Number of protein chains: 2
Amino acid sequence: MSEPGTRTPRERYRAQVQEEIKQHAWGQIATAGASALSLNAIARQMGMSGPALYRYFANRDELITELIKDAYRSLADTFAARAEAGTDLDGLAHALRRWALEDPQRYFLLYGTPVPGYEAPEDTTRITTEIMAHLLDACAAEQPPATPHPLDSQLDNHLAEHRAWAGEHPAPPSALRRALAFWTRLHGVLSLELAGHFTGMGFDPAELYTNEAQALSAP
Amino acid sequence: MSEPGTRTPRERYRAQVQEEIKQHAWGQIATAGASALSLNAIARQMGMSGPALYRYFANRDELITELIKDAYRSLADTFAARAEAGTDLDGLAHALRRWALEDPQRYFLLYGTPVPGYEAPEDTTRITTEIMAHLLDACAAEQPPATPHPLDSQLDNHLAEHRAWAGEHPAPPSALRRALAFWTRLHGVLSLELAGHFTGMGFDPAELYTNEAQALSAP
DNA sequence: CGAGCAGCGTTATAACTTCTAACGAACGCG
DNA sequence: CGCGTTCGTTAGAAGTTATAACGCTGCTCG
């Protein structure tokens with residue numbers, strides 16, 4: 001057996017068409033959101049008739065699932081690239097922001113409104129744990145605060161006993177707490193900013209984001 | 001002129017049917033999300049044929065816009081009710097959490113994935129400023145921290161000069177900053193929790209939320 | 001090198017959606 | 001008590017996802 005990537009010319013062509021379909025899908029998502037994604041419209045853009053796309057994706061949900069996986073992959077790669085340049089939490093925070101601003105609807109595809117019944121497939125959750133591992137690395141490498149906040153001890157105790165999500169990672173409870181704060185706080189700012197809830201308010205979201213990122217690095 | 005609410009029997013009936021439509025709409029949204037909301041399905045549930053609903057709402061978007069307005073109204077009312085019981089930030093935080101858990105999809109209708117082109121009508125933005133006013137009241141009433149964090153001064157300076165969103169509210173910049181932190185941090189936890197990103201991780205989201213709420217009250 | 005078949009694109013069709021148009025009935029206001 | 005506004009209906013257009021059945025093409029394997 002050769003490389004598992006592209007083998008026969010058939011599979012090579014198939015992968016190429018699948019990629020083109022996904023490119024058009026991202027274009028639609030970026031301009032109108034994922035809910036407006038239309039397989040028919042993609043087929044029209046590609047100059048072929050509607051049902052032809054079903055040779056490449058079983059249905060609309062499967063295409064979206066694939067897009068979600070690719071988006072997580074992209075985020076994991078930017079985190080990994082940032083990790084090579086040093087494991088500072090602040091750098092990771094701004095890498096996240098740049099990635100989110102690059103395509104807001106891609107961000108919302110991962111962290112926006114969930115579809116009630118949707119369960120992420122296993123290969124997707126593997127990527128999310130990879131992302132979390134990068135975050136935990138950065139949190140564990142950070143210096144603990146000189147004067148720990150007394151109110152944090154309760155959550156630290158809880159996390160010390162409920163750290164299944166961290167796997168085998170040797171991060172202390174305070175690092176776990178900081179990882180969760182990184183995730184939730186930065187997502188909070190990004191989500192509201194990208195959704196446009198700050199437009200017209202007059203202040204600069206970047207200032208708020210930077211402030212939160214700094215507070216995470218030096219609590 | 002009498003009350004502007006319900007006047008003629010015709011208007012009374014119309015308002016009643018509109019309310020019933022919205023009830024069924026909320027039911028569908030709670031179980032399948034807003035994107036799956038179908039006017040036809042609502043009509044079927046109500047025992048009338050599809051196009052009849054267009055006598056009450058011009059189109060699907062207008063119905064959703066009305067639902068959004070009602071949701072904001074509901075949130076503003078719970079904030080107002082909580083404000084009467086005292087202006088503590090922690091109480092407000094947990095009132096917000098209860099309201100969000102009551103109907104996660106309602107929360108995402110307001111703070112989830114945005115529709116790229118959508119602009120909130122003016123009567124909706126009036127409710128959001130009302131909500132923000134309650135939050136600013138609570139933040140201004142809170143005690144400032146004994147030892148202010150040195151990194152916060154930059155954001156405070158920025159907010160001091162960009163406080164259009166606070167209107168005439170006499171809150172100091174540090175209170176504005178705390179209001180934004182309240183919004184973004186709690187939204188960050190709530191959004192990820194309600195979207196199911198914490199399921200299977202093992203820890204209790206309520207512990208994380210409480211920790212963030214406490215940190216906001218005593219930074 | 002050629003035969004055969006897997007894979008691909010097509011059209012036709014079903015079932016669904018939003019939304020408009022035209023018609024008829026009923027309700028209540030003056 | 002009549003007339004008009006309002007409402008619910010059916011019919012239909014235009015769009016969607018998705019399946020079925022039909023050829024053609026070109027790769028693969030003997």
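Computed from a prediction, not measured in an experiment: that's the story for all the values here. Lettering follows sequence order; numbering is per chain, from 1.
Nearest heavy atom pair, residue L216(A) against residue R178(A), reads O-NH1, 3.0 Å.
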Side-chain polar contacts of residues 35-42 of chain A - donor-acceptor pairs under 3.5 angstrom, sequence neighbours left out - could you list them?
unit_1: S38(A); atom_1: OG; unit_2: N40(A); atom_2: N; d: 3.3
unit_1: S38(A); atom_1: OG; unit_2: A41(A); atom_2: N; d: 3.0

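Among the heavy atoms of the strands, none lies under 4.0 Å from F57(B).
Remark: C1' of dG7(C) and CD of E11(A) are 12 Å apart, rounded to the nearest angstrom. At whole-Å resolution of the value, CD in Q18(B) and C1' in dC7(D) are 13 Å apart. In this structure, I42(A) places its CD1 atom 11 Å from P of dT16(D), rounding to the nearest Å. We find that CZ of R44(B) is positioned 14 Å from P of dA15(C), with the value rounded to whole Å. When the C1' atom of dA18(D) is taken as reference, atom CG of L53(A) falls 12 Å away, rounded to whole Å.
Between H158(A) and H162(A), the ring planes are parallel. Angles under 30° get that label, and only those over 60° would be called perpendicular. By the 30° and 60° cut-offs, the orientation of the rings of H197(A) relative to Y111(B) is tilted. The aromatic rings of H187(B) and H187(A) sit parallel to each other, their planes meeting at less than 30°, with 60° as the upper class boundary.
The backbone N or O of L180(B) lies less than 3.5 Å from a partner atom in the side chain of T184(B), making a donor-acceptor pair.
When distances are taken from the side chain of S49(A) to each of dT9(D), dG9(C), dT10(C), the shortest belongs to dT10(C).
OP1 and OP2 of dT6(D) both lie 4.0 Å or more from every side-chain N or O belonging to R14(B). Look at Y13(A) and you won't find any side-chain N or O under 4.0 angstrom from OP1 or OP2 of dC27(D).
Residues Q105(B) and W26(B) are not in side-chain contact: their nearest non-hydrogen atoms beyond the backbone lie 4.5 Å or more apart. Looking only at side-chain heavy atoms (C-beta outward), P121(A) and T65(A) come within less than 4.5 Å of each other. Contact of the W183(B) side chain with the L96(B) side chain is not registered, since no non-hydrogen atoms from C-beta on lie closer than 4.5 Å.
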Practice problem: Indicate for each nucleotide in nucleotides 18-30 of chain C, in 5' to 3' sequence, whether protein heavy atoms under 4.0 Å reach the base (B), only the sugar-phosphate (S), or nothing (-). | Solution: BBB-B----B-S-
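Across residues 20-30 of chain B, not one residue has a non-hydrogen atom less than 4.0 Å from an atom of DNA chain C.
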